[in-house]
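All ligand and atom numbering here is 1-based and tracks the order in the structure. Predicted, not measured: the structure shown is a model, and the values here were computed from it.
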Amino acid sequence: MTEKKIVFSGIQPTGCITIGNYIGAISQWKILQKKYFCIYCIADLHAITICPEKYILNKNILDTLSICLACGIKPEESIIFIQSHVPQHAQLNWVLNCFTNFGELKRMTQFKEKQYSNKNVNIGLFNYPVLMAADVLLYQTNKIPVGKDQIQHIELTRNIARRFNSIYGNIFKIPETIINKNGFCIKSLLNPKKKMSKSDINTNNFISLFDDDILVKKKINNAITDSDNPSIIKYDLYRKPGISNLLNILSNITGISIKKLEVELKNETYNDLKKYLIKELCSFLKEIREKYYFYRKNEKYLNNIIFSGAEIAKKYANVSIDKVFNAIGLYKI
Ligand code: AQP
């Protein structure tokens, strides 16, 4: 077992990975793998809560894995695997269900939002945060890099772990979150009050990491700006949510602080900001796309990575499952 602190995070193969997923999660994963023992999972069990078509889910799993590799997740440095290949996730999920209150899950804002946008509001969708708690607690995780949108779920994870520990002793580590301070939550391009999401049915709401130059140009040119007067380029989430969102994306992909961008663009128009962002996004995505195609073609290589990833993950997961089953008194031969 490792001496390093453990980082766990996951991503659902529910569509084309967006620039929001990149900024909020994958870009951090890449940095963290240098310092921590990182375990990253393609959360396919979570993805079935929205009942995707068989072939689409299957394709999305390898697409997501390939894009993670293209973004710099290194299998030599991190463990990367498919969630359903490690059955202990579902086992711990069931146990934790018995330590979670119905009222707690009813308060989850993501469920409240998703129940209105989904035709099929199933128990899996409702139970999603408990499976997420199982994902994290299974690996005795110290730190979880997440976007701001996931904070409520992590707080629930901590509460479930504390509740379990208060009955059975010190079984689970209480994890802490790592939030990308600059990234916060990247917003939808057409509705900057809403989160940018990869499963959004209107693809103009997001920039996908697969978008080519033509699509990027079209989507950014159509992005909502703000109708306030004067139209200066300033980061102000309350008065200028659209411009702030574009500045946030630009800052994260160029590494230039928002303060510096405001100074640099002081005398420019909204249109100039869009041109600047289009140029930077196109060259940023081109590099990722090229690497993505390289990995995606090589299915044997991808299979090797997820096979060995799952083998290592299972070793860690088994230690926790044994502890939990013993603690609650399940009979073992
Ligand atoms: N808009 C965002 N801004 C910053 N971070 C974000 N993340 C997602 N959207 C944004 C972060 O990406 C990681 C992986 O997310 P996920 O696939 O597990 O689920 P999600 O948060 O529900 O992401 P999406 O894109 O909104 O997926 P769908 O549409 O399937 O629900 C997480 O760390 C998340 O914080």
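The closest heavy-atom contact to atom 31 (O) of ligand 1, among the options K187, Q28, M132, K114, comes from K114. Proximity annotation for atom 14 (C) of ligand 1: of T49, I42, I11, I11 comes nearest, heavy atoms only.
Between the side chains of Q33 and S78, at least one donor N or O lies within less than 3.5 Å of an accepting N or O. Between the side chains of Q88 and N318, at least one donor N or O lies within less than 3.5 Å of an accepting N or O.
Residue-level proximity to ligand 1 for H46 is absent, since no heavy atom of it falls below 4.0 angstrom. Counting heavy atoms closer than 4.0 Å to ligand 1, residue Q150 contributes side-chain atoms (C-beta onward) but none from N, CA, C or O.
Between Y292 and F210, the two ring planes are perpendicular [angle over 60°; tilted spans 30° to 60°].
No N or O atom of D200 sits closer than 3.5 Å to an N or O atom of ligand 1. Considering both main-chain and side-chain atoms, M196 comes within under 3.5 Å of ligand 1 through a nitrogen or oxygen pair. In terms of polar-atom proximity, defined here as any N/O pair under 3.5 Å, Q12 does make such a contact with ligand 1. Residue K195 has at least one nitrogen or oxygen atom sitting less than 3.5 Å from a nitrogen or oxygen atom of ligand 1, judged on distance alone. Inclusion of S9 in the set of residues having an N or O under 3.5 Å from an N or O of ligand 1 is not warranted. Some N or O of G20 is nearer than 3.5 Å to an N or O of ligand 1, by distance alone.
Using a 4.0 Å cut-off to heavy atoms of A25, the atoms of ligand 1 that qualify are 12 (O), 13 (C), 33 (O). Annotation for ligand 1: atoms under 4.0 Å from non-hydrogen atoms of G24 are 4 (C), 5 (N). Under a 4.0 Å criterion applied to the non-hydrogen atoms of G10, ligand 1 contributes the atoms 14 (C), 18 (O).
Scanning for salt bridge (charged side-chain N to carboxylate O under 4.0 Å, His left out) contacts around D226 gives an empty result, with sequence neighbours left out.
Residue contacts with ligand 1: C185 is included, with a non-hydrogen atom under 4.0 Å away. No heavy atom of I23 sits closer than 4.0 Å to any atom of ligand 1.
A ring-centre distance under 6.0 Å is not found for H85 and F307. Remark: aromatic rings of F111 and Y128 are distant, center separation not under 6.0 Å. Residues F294 and Y301 keep their aromatic ring centres 6.0 Å or farther apart.
Rounding to the nearest 0.5 Å gives a distance of 10.5 Å between CD of Q152 and CD of E104.
When every heavy atom of P13 is checked against every heavy atom of I42, the shortest pair comes out as CG-CG2, 3.9 Å.
Remark: of the listed residues L215, I220, T18, I186, I220 is the sole one forming a side-chain contact (heavy atoms from CB on, under 4.5 Å) with I207.
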